[in-house]
Each structure stands twice: as C-alpha cells, then as structure tokens.
Amino acid sequence: MTSSVEPISLSQKQASNDTGIDREALARLLVEIARNVDPDNHTLYEGVPAADHRLEKLRQLLVGGEISELSRVTHLLDEPEQLATAVGNVLPEATARASHTQLGEALAPAVERAAQRSIQKNPNTLTDILYPVFLPAIRKSIGEKIDQTFQSLNESLRHIFTWHGLKWRLEAWRTGTSFSAVVLKHSLIYRVEHVFLISRASGLLIAHVTSQDATSEDPQLISSMLSAIQDFVKDSFKEKESSGLDTIRFGELRLWSEVGQFATLVAVIRGNPPEELHEVIRDVLLRIHQESSRALERFDGDSSQLPGVETQLQTCVELQHMDSKEGFPWLVLTAVLLVLIVAGGWSFLSWQSAHRWQTYLSRLAVQPGIVVSDQKIRGGDFYVAGLRDPLAADPQSLLPGTEVDPTRVHSNWQFYQSLEPEFVLKRLSASLAPPDSVRLSVIDGRIVAEGEATTTWINRARAAAQQLSAGGPVFDISGVRDVSAEERWQAYVSRLETLPGIIVADQNVRDGQFYITGLRDPLAADPESLLAETQVDPARVHASWQFYQSLEPQFVLKRLTASLTPPDSVRLSVVNDRIVAAGEATTAWINRARTAAQQLSAGGPVFDISGVRDVSPEERWQAYVSRLETQPGIIVAQQNVRDGQFYITGLRDPLAVDPQSLLAGTQVDPARVHSSWQFYQSLEPQFVLKRLTASLYPMDKVRLSIVNGRIVAEGEAPDTWIDRARAAARQLSEGGPEFDISKVRDVSPDARAAEHWQYYVSRLEAQPGIIVAQQTERGGDFYISGLRDPLAADPQALLSGTKVDPARVHSQWQFYQSLDPKFVVKRLTASLSPPKSVRLSIIQGRIVVVGEASAGWISRAQAAADQLSADGVVLDVSQLRELNLAELNQLREAIQSTDIFFSSGRVVPGPEQTPVLDRLADQLKEFAENARKAGVTARFMLTGHSDITGRETANASISAARAETVRALLNKRGVAPELLLVRGAGTFEPAVPENENSRTGNSTNRRVSVTVNLE
Amino acid sequence: MLQKKICMLGGFAVGKTSLVRRFVQSIFSENYLTTVGVKIDKKSVAFPDKTVDLILWDLAGEDDIGSFRVSYVRGATGLVLVADGTRPATLAVALTLRERCEAEFGAMPFILLFNKSDLTDRWAIPEGEIDELKQRGWQVYLTSALSGEHVDDAFRQLASMVAN
Ligand SMILES: Nc1nc2c(ncn2[C@@H]2O[C@H](COP(=O)(O)OP(=O)(O)O)[C@@H](O)[C@H]2O)c(=O)[nH]1
Ligand SMILES: [Mg+2]
C-alpha cells in the first residue's frame, strides 16, 4: 500500500464525525475489496492510486446516490438564501413543537427590540397594525361601563386641540392633576335636563318635559327663541332647509336639536353626552312623528291636541349617565395613556380623516403661540381657524413638507397674545427694554430676571410681573439688584441737611449699610418718618440722633405756643426772625409773655409783645353782651357788673343759640358770669317757621317759606292737615307773623272719592259674572267698562253704600254669558227646569248633576253638556239615573183598570166600593209622587158614566155627578184635588155594549173610570 | 295650553318694541333683538272661558322693507300692524309688510295700531282716514306706548280674534 494514492475528493470542507465520510478508510476498504476480487491486484496496487478511473466508477456504483444527496445538502447549508428558505419551511412546525415558555423567553428580547425599533422608525406602522386590534381588545377587556365612557373619551381626545383642550389644560395645570384626568372628568357625566318639542312651522312649544330638579325660564319663550335662532342661522349662513342648528353649547349645557318633518326636538343636556344619544333622540322624534303626524302637521298652538307626546319625551329625560363615585376608571386612564405613548399622541387621531391634514394640524398644535380652535374638511378643501401670537411661527410657513396643497387650505387666524413663557419673554424684552446689566431667561416655565438695575426699572418690571400674575407665567425679578440705593441715600441725607431743627454731623456708607449721626430738635421733623418716603431700606440705616433745643425762630414759636397757650385774640408769627405777638389779651397773660421774652433774650430770637393790647374784663363783658343782643331769639333784659361779677337776665327762645356757648372764646371768666334766662317763644318769622315745621309735620307736598315777614304755605294737603294749619294760623294771629295757607290746595275730597271708587271697583271685581275691563278716573269723573252676566249682580245696585257719587260714574257694561260654574248652574236651572229629583252642584269647578230623571230630560241635559264642553265647562251628567218607568207604567195600568161602580140612579157608591176607593187613593198618591220625582206632573181624569136607561140629559148630569163624588171621596183620602180632573161621559163611552132593550141597564156601565195624564 | 304666534310689524321706530314692553314683562334681554333680529315675549290673555298665550315676535330691521325676514312670520296666527300717528308714511310701510306676509302665508287676523297718540300736537292722521279704514271692517286702535292708552284693549282684541 502506498500513500501516493489520491484520496477521493469529496469536499473541501472537513467532514464531521457523524455526517462526514472517512475518506482514507473508504479508500482502504476499496483497495481491500479490489484485492479480494483479483489477487493480482494485490501487488499492483499498493495503497490507493491517485486517479484510477475504475475506482471512480466503483465509487459511482457504490455510493453515487449518497454523494449527490450529500452535495445537495452541503449546497443548501452553504447558500444563506437557500438555507433561509429551508428553515422557513420548517420553522412554523418547529415553533409549534418547541416548549412554549422557553421559546417565549428566547424570543422576547428580540421581539421587544424589534418593536422598539419599529416605533422609533415610524410609529404609524405599529399604530396601523395595532389599531384594528386595539380598540376592540381594550373595550372587551374593560367591560360595559368603560365602554360607554370610552366613547366620550374619543370625543374628548378630539377636543385636545380645541378651546376646550386649552381650558382643560389650564385646569389640569391649576389643580395639579394630569390632563387626562381632567379630560375624563369632563367627559363622563351627562344628564338630559329638558326636552322641548317645537312646532317647526310656528316655533310654538308643543310639549316640554324636565328632569326632576332641573329649572328653566318660561319654556314657551325658550322654544320660540330657539326656533328664531335657528331661523336666523339658516338665513344668515344660507344653510340648507332641513339642516338646522343642531348643537349649541354654552358652558356645561348643550342643546342638541333633531329636526323632524313637522317638529323639532331639542334636548338640553348637562355634561358630555355620547354620540349615541343623538340616535336615541332621533328615535323618539321619529316615533312621535309616526304616531301623531297629522296632529303635528295641523298643530295650531293648542297642545291638548297632542296628549300622548309628553310620555314619549319623558323617555329622553330619563337618560343620563352619572359617573358613580366608586371607581374612578383608572383602567381607561391607563388605556389612554398607553394609546398616547404607543401612538405618539397625535397619530391616534389620524384615523379620523386625511392623514396629511392631521399632520399639519398637529404641527400647528405643537407650535407655541398657535391655538387651533376649529378645523374641518369639506369638499376636499381644508378649513382651519384659530388664534396666533404675532410672535409665533407663520402657520403658512409650516405647510411645506406636509404635502398638503396650500391652495386648498383656507385659514382664518386672529391675533392674540400667547402666555407661553417664551412669548412673554419676547414681549417683556420689547416692552421693558432691560438694561445690558439685566438678563432675562426662561427657567422651568418661569421667566427669571437677573443682574443690576435702577429702582425705576425694577418698579416697571414689578408692575409687569403683577400683570402677568393673572394667568401668565411667573416673572421672577428677585434676582435683580437695585443699584440706586446709594443715590437715594445721598438724596435723603441732603434733604435732612436742609431741614430746620436737624443738624447732620456725620454720615457714610459701608458694605451696603448707611450710617448717620447728628442733632435734632424734638419739634423738628422725625428723620425716621422721612426715611419711609425715600425707599431707602430702613433695615440698612443706622442712625444716632441727639436731642437739642433749636433756637431757630419757628421752633421757639412752637415752644412758646405750647407753653403760653395764647388766647384766640392773640396771634403769634415770625417776622424777620423775630417772634411777634399781636392782638388783645388779659394783663395776666401779657405778664407771662413778658417773662418768656426775658428768658429768650439770652441767645434766642427776639419775642416782641408790644403789639398785644391789654383789655379789661369789663370791655370783654360788654363785647359779649352786645353780641348777645344781635342774636335772633335772644332778648337781653338787664345786665350789670358788680364787684368783678357779671350779671345778666333776659329771654331766650329754645330754638335760639345757647348764650353759654357764646361765652367760650370771649375770655370772660365763666365763673364770674351769673345769668338768668327765661324761655319764651320768639315770634320772629324764622322761629315761628321752625316751630310750625316741627308741630305741623307738613306733608311732602307742602312747602313753608318766609315771604316779606309772612309765613306762606304752598302745595297740596288733605283737609285734616289744612284744619290743623288753620288753627295754628289763628293762634299766631295774636301778635305773631301772618301764616298764609290760602295757597294749599285741599286734595282730600278727590283722594277720598278715588278711595271709594277703588273700593267699588274691587267690589265689582270680586263679583262673579262681572269682568272689569277698564276703569279710570278723569277730572273727578269715574269711567268703567266691562262685561256682566245678566244673572250677575247689577253693578249700579252695588254702588249704593259705597259713597261713590252715582252722578259721576259713567259705566259701560256689555252683557255676556259668564262661564263661571255658578252662572252656568243658574242658566241651566232656568232653561232645563230640572225635576226635583235632580240636584245640580259645583264640585271643583265642575257642574255635577245627580239624581233621577226621565230619559227625555236626561237627553236634554246631555245636549246641554255637549254644548258647554265646547266652552270648556264640564257638565257631568254621568251620575244621572233614569227613572224606573216600568214600575210607573205598571201602576198606571193598575189605576186605569180600576172602576168605581154605582147602583142604578145613585151618584154615591155603595159601601162595598170603599176598599176600591182606598186602594185607588193610595195608587194615585204613589203615582203622583213618582211622577213628580221624574220631573213630570201627573193628573188624573175621573170620568163618570151611566147606563142607557133614562133620559140622555139626566144621564149626562148623573155621570158628571158620579165623577164629582169620587173626586170628593179621593180628596178625603188625601189625593190633592188639583190633580183630579172631572168629566161626565154620559152613555157615550160604555164599558160594555148596552142591550138596547134592557130595562134595567147594564150595571157595569154605571161607573167612574180613571185615566192618567202626564204633563 | 293654547298658544298663538303673533308678529309685530311696522316701520322703524313706530313703537313696536315699546308697545310690547308696555304689554308684557319679558325675560329676554332686548339685546337679542338686534343680534338675532327678533325678540320674543309672552302675554297671557285670560278670557272667561279660556286663556290664550300670545307669543309675540317683535322683529327688528324691517324699516328697510327689502331686508324684512318674511320667514319669521311662518306659523303666525295674527299680526299687529303698527304705524306712527305722527308719520303718515309709516301706514304704507305697515300695510306693505302685511301684503308681503299674506302673499307668503295667506290672510290672517290683524289689528292696526296708530301709535304715539299722546303726541296730539304732532298728530298727522285725519279722522276721516281712520274711519275709512274702520269701514273696511278693520280693527283700528289709537294707542300710546307712553301712557298705555288702548294698548291692552288692542292686544285683547287680537287675542280674541286668534283664539277661535
Ligand atoms: N311719545 C311717544 N313715543 C313713543 C311711543 N312709542 C314709542 N315711542 C318712542 O319711539 C321710539 C321708537 O320706539 P321703538 O319701540 O323702539 O320702535 P320700533 O322700532 O318700532 O320697535 C322710542 O324713542 C320710543 O320711546 C308712544 O306711544 N308715544
Ligand atoms: Mg324695535
């Protein structure tokens, strides 16, 4: 065997133990086989030859299939694409067979990373994928209650970029809760408070229902106003005929209106209703239309034509969804947050409509200083409206890149000032023009100013900060150092130096602290209080003042004034640095002043008292007395001075000034004055006027004045006042001024007449069957007009006893029929003449007829009731019972079949007829009574008969006599005679045919018969 | 509940709003009149047998006849035509407005008011003319929103006309 034999070339690759082929072993095996096949070969082939074609052939023969299979597999493993295809084919099956937990764990990190990458790259993809799964999944898992809230949530999310969104954001910011919580709070609660059904033609209210505790103004007016507003909107915006204004919102309330063919249904909803409510409302409206379409079409303002509608509306009012206290829907909140995170907030909305437009809108929404209040897509065009800060980006400039066609965008922007910090910062920079030493910046949403500035600038900044505090961001200026403090200090010091009574000895500034020392007069201005006006921080001021007495004239003046207390008649002043006293004073005072002047002469200013005249007490007394004498209402009778004491007597009116009070200020010593005043009533006009005013209490309309010494009253007053005034005038006539009351007009007769008249009118108004339409009083005459029922009291008759003069009353009454039940009853009684068995009464405004009556009367009453119902008066005849006529008829039969028989030639029945008469009398009485009850009068005709024997004339009279006899007998038995009529029929109405030839005549025909007549 | 829609018609400043104000106490501010073009008030008129709620629509802006919103009259049962007794031309305005309404919605009951009867010295409508109008069977009243004269009568009359 040689090793030169080439191994069989299978593959470049090292084969592995289990799958590969040991080439050497194979070669040896082949050589071994060859030897055994042919021993010659044994020597010929030492080992495996390099290229022996036979060997190759053998190989082909032995393992050819395996080799090709192997190379296919190898190829498969080497080519990544092919391998991928292959693994892909088995992967599902393999995954299915793998252990679930292990596989999950193995895959999780990779999948998570993949999802993250995907979201980073383009969130929409995942959103798009997840969206169809998302909503149903969430809804399903959260359950029914949340399902409802989610619908409002969808709507709420739509509000994020509207005014509401803005407001809610603010609320969230204010209350420190999350925005989502606020959205939920506002989105979950609603209640239908009112439902109006309004006629489309006239705007009139057909029906209105409210929830239990809801209130509203007059629903009729509301309904008309709503329809007027709808008309207005329709006219103004040229809306299509059928599309009304379907939602109006004010604050928490929404008006949803649903327009039907003949009527509009308006629901007033508090809170945020779900969209589905529209459908519910529409259903109710539809049902009402189906049920009452004709009545709706013909509605003319009479709501009684549509009775069932309210119950239908009631179903709407019962609708509400209140957020229950237990269980704030955190799950929803979590779900929403999840949605917001995954979808990147805005993209959640993109399903709504055109994606690109939404992209643009969301770009706008995130722009500071731009608020989109409204947007819509109509007919392929885009409409957007809102507010923009002049400093914000131009909305137009944001269009490029969004692929929205700018020519299709219609925007309507109003300028406003945004309160976002960066805008406020810009505006502040422009308006405050901060010095270079001040730097403004935004830190955590606050605007912070730092650096150094003058007080004026700081003050302006402070004002701006205050303004901003109302809703804007915080403007913090505490970091600005005031550099003008030292300037102000210097100003303060120089001010002090000019002040009299203050001497500044030394002052300096050290380390931001101010030091000052000096002298001050106690009467000088207080340096401390002056500080307050300078805006120098008092805490940084260290002052040290020593008191001293300034000899500057004004200080000396002050001290003199305090120590000498000069009387009113003396004036102190500084003239050319001298202190000058002038006027009049007592000797004592002048002496005290002189001492003071002497003291001052050593170093102080000159105190000159030479101008003070010494006045004696007597002089001052005389001045006082003459002053008193000029006072009105004071009469000085006597006065004198004795031993330094002053005596005065006289009269004073209580209304005059008090002499004592005049004494003060005269420097007359009150202790030396002895006065004796007697009160008297001054007759000077002004005193009399005062007294009259106090005693007469003149009415509002009377004015008292003094004219040429006379007291004149003018105006209007009742006679009682005039009487009192007249009495006063009479009193005054003795010595007093004249009191002229001739110009006061006496208004009492008119007033009293008007009072009586009003009493009469109120009496009329209280009368049933009288309606006062109008009444006035003109020129002392009274006019009244109105309606009166002929059955009502006579207005003229009511005049008597009212003290109204009938001659001054002009009345105009029109007759009408009052529908006041009382009057209707009167009229009915007159027209229907109800039988006694019937009673008419008024029960709660309805006329009720109770009792028994004949069928005829009942039908007349029924007809009257029908007529009255057209006038709105209820005449209830349902309780009338028809009389039992069968009973009555029976009785009538019995009566009419009764005969009283007579012996021949006799006109008085025999005793055997007595029981018949007794029974008949009873029957007649019963019948009469029953008939009366039924409203009819029964009369009984007693007809006398005779047999044919005897002469005809005799028979006629005998028959009449028999009837008369029976009438008397019945009368004796209690039958009212006026009910019994009598006639004689002679032989003409025989009960049985007579035998012409009979001599005795037929006893059956000798009788009295009875017939019953009803009237 | 028996309600009737009534429209006040007449030229500028003839006193429609004042008449309504005289007749009722309303709940809506008069600002609505200019913004929405109409003010609505209610007056209940009681008759012995029933009560009629008159829903009064006081229209603004019809001083220029061209701009008059006829649509507001839809569903009305009666009209109150108002002319200013000191301005004869306002009668023609009121009558024209009525014609326009009748052309649109058919004839309906109306009353004709010559308002401002308190301004006697400036009164410009001769008696004869008023008599002539009454001859036609029209309900004509001389009213004053200032003194209230005949205002109640007139509305009461209209209420009785529309109630049947
Ligand atoms: N003197 C007088 N003035 C009136 C009367 N009615 C209205 N006015 C005045 O006329 C003006 C117009 O009244 P207004 O009611 O606004 O008229 P409208 O435009 O028809 O509603 C107002 O200044 C009223 O004060 C009236 O009866 N007498
Ligand atoms: Mg007006």
Side-chain angles (χ1 to χ4, degrees), chain A residues 198-208 216-236 241 245 262 299-306 310 768-771 773-774 776 785-789 816-821 823-824 868-873, chain B residues 1-7 24-29 32-44 46-61 67-78 105 108 147-153 156-157 159-160 162-164:
Chain A
I198 303 172
S199 160
R200 277 190 69 193
S202 58
L204 293 177
L205 179 68
I206 300 171
H208 168 232
S216 93
E217 297 275 5
D218 192 323
Q220 288 177 327
L221 285 184
I222 304 243
S223 117
S224 290
M225 206 65 215
L226 281 174
S227 81
I229 292 171
Q230 289 195 322
D231 282 354
F232 169 71
V233 170
K234 220 155 63 191
D235 284 4
S236 311
E241 163 68 16
L245 187 65
F262 302 119
F299 181 73
D300 67 346
D302 185 355
S303 50
S304 64
Q305 295 160 346
L306 284 147
E310 282 194 8
I770 292 188
I771 296 171
Q774 222 181 12
T776 51
S785 64
L787 304 176
R788 54 177 288 215
D789 192 289
Y816 84 116
Q817 292 205 328
S818 167
L819 289 174
D820 185 323
F823 286 87
V824 178
L868 282 171
S869 78
D871 294 330
V873 179
Chain B
M1 188 164 65
L2 182 57
Q3 318 162 71
K4 297 291 173 186
K5 172 173 170 179
I6 305 294
C7 289
V24 303
Q25 200 58 45
S26 67
I27 68 168
F28 288 112
S29 141
Y32 291 109
L33 187 54
T34 42
T35 48
V36 180
V38 62
K39 188 166 87 75
I40 296 167
D41 291 297
K42 183 178 86 171
K43 172 71 178 182
S44 298
F47 290 105
D49 50 342
K50 64 185 133 210
T51 295
V52 185
D53 291 335
L54 297 182
I55 308 292
L56 297 166
W57 289 50
D58 176 13
L59 311 184
S67 73
F68 168 54
R69 283 208 180 91
V70 161
S71 68
Y72 277 169
V73 181
R74 179 188 314 281
T77 320
F105 305 112
M108 58 184 103
S147 72
E149 189 182 34
H150 296 316
V151 178
D152 273 299
D153 302 10
R156 180 167 274 276
Q157 168 68 31
S160 77
V162 297
N164 302 317

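Computed over heavy atoms, backbone and side chain alike; hydrogens, waters and symmetry mates excluded. Here is the naming used below: chain letters follow the sequence lines, and residue numbers restart at 1 for every chain. On a predicted model such as this, the values are computed, not experimentally measured, just so you know.
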Practice problem: Against chain A, work out which of B:Thr77, B:Val73, B:Asp152, B:Asp153 has the most heavy-atom pairs shorter than 4.5 Å and name it. | Solution: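 Ranked by contacts with chain A, first place is B:Asp153.
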Self-check item: side chain to side chain contact (heavy atoms under 4.5 Å, CB included) evaluation trace for B:Ile55 with A:Leu205
Solution: CA-CA 10 Å; B:Ile55 308 292; A:Leu205 179 68; over 6 Å; no
Quiz prompt | Contact origin within B:Lys4 toward chain A - heavy atom pairs under 4.5 Å | solution =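 Looking at B:Lys4, backbone and side chain both touch chain A.
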Quiz item: Can you name the salt bridge (charged side-chain N to carboxylate O under 4.0 Å, His left out) partners of A:Arg788, sequence neighbours left out?
Solution: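 Partners of A:Arg788 by the salt bridge (charged side-chain N to carboxylate O under 4.0 Å, His left out) criterion, ordered by chain and then number, come out as A:Asp794.
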Side chain, backbone, both or neither: which part of [X] has an atom under 4.5 Å from a heavy atom of chain B?
X        : value
A:Gln774 : side chain
A:Ile206 : backbone
A:Asp300 : both

Practice problem: Only counting residues at least two apart or in another chain, list the ones meeting side chain to side chain contact (heavy atoms under 4.5 Å, CB included) with A:Leu787. | Solution: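 Listed in chain order: A:Ile771, A:Gln814, A:Tyr816.
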Practice problem: Check whether NZ of the Lys or CZ of the Arg A:Arg200 lies under 6.0 Å from the centre of the six-membered ring of A:Phe299 and within 45 degrees of that ring's axis. | Solution: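 Relative to the ring axis of A:Phe299, which defines the angle, A:Arg200 lies outside at least one limit.
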Quiz prompt | Working for side chain to side chain contact (heavy atoms under 4.5 Å, CB included), residues B:Phe105 and B:Val70 | solution = CA-CA 9 Å; B:Phe105 305 112; B:Val70 161; 3.6 Å; yes
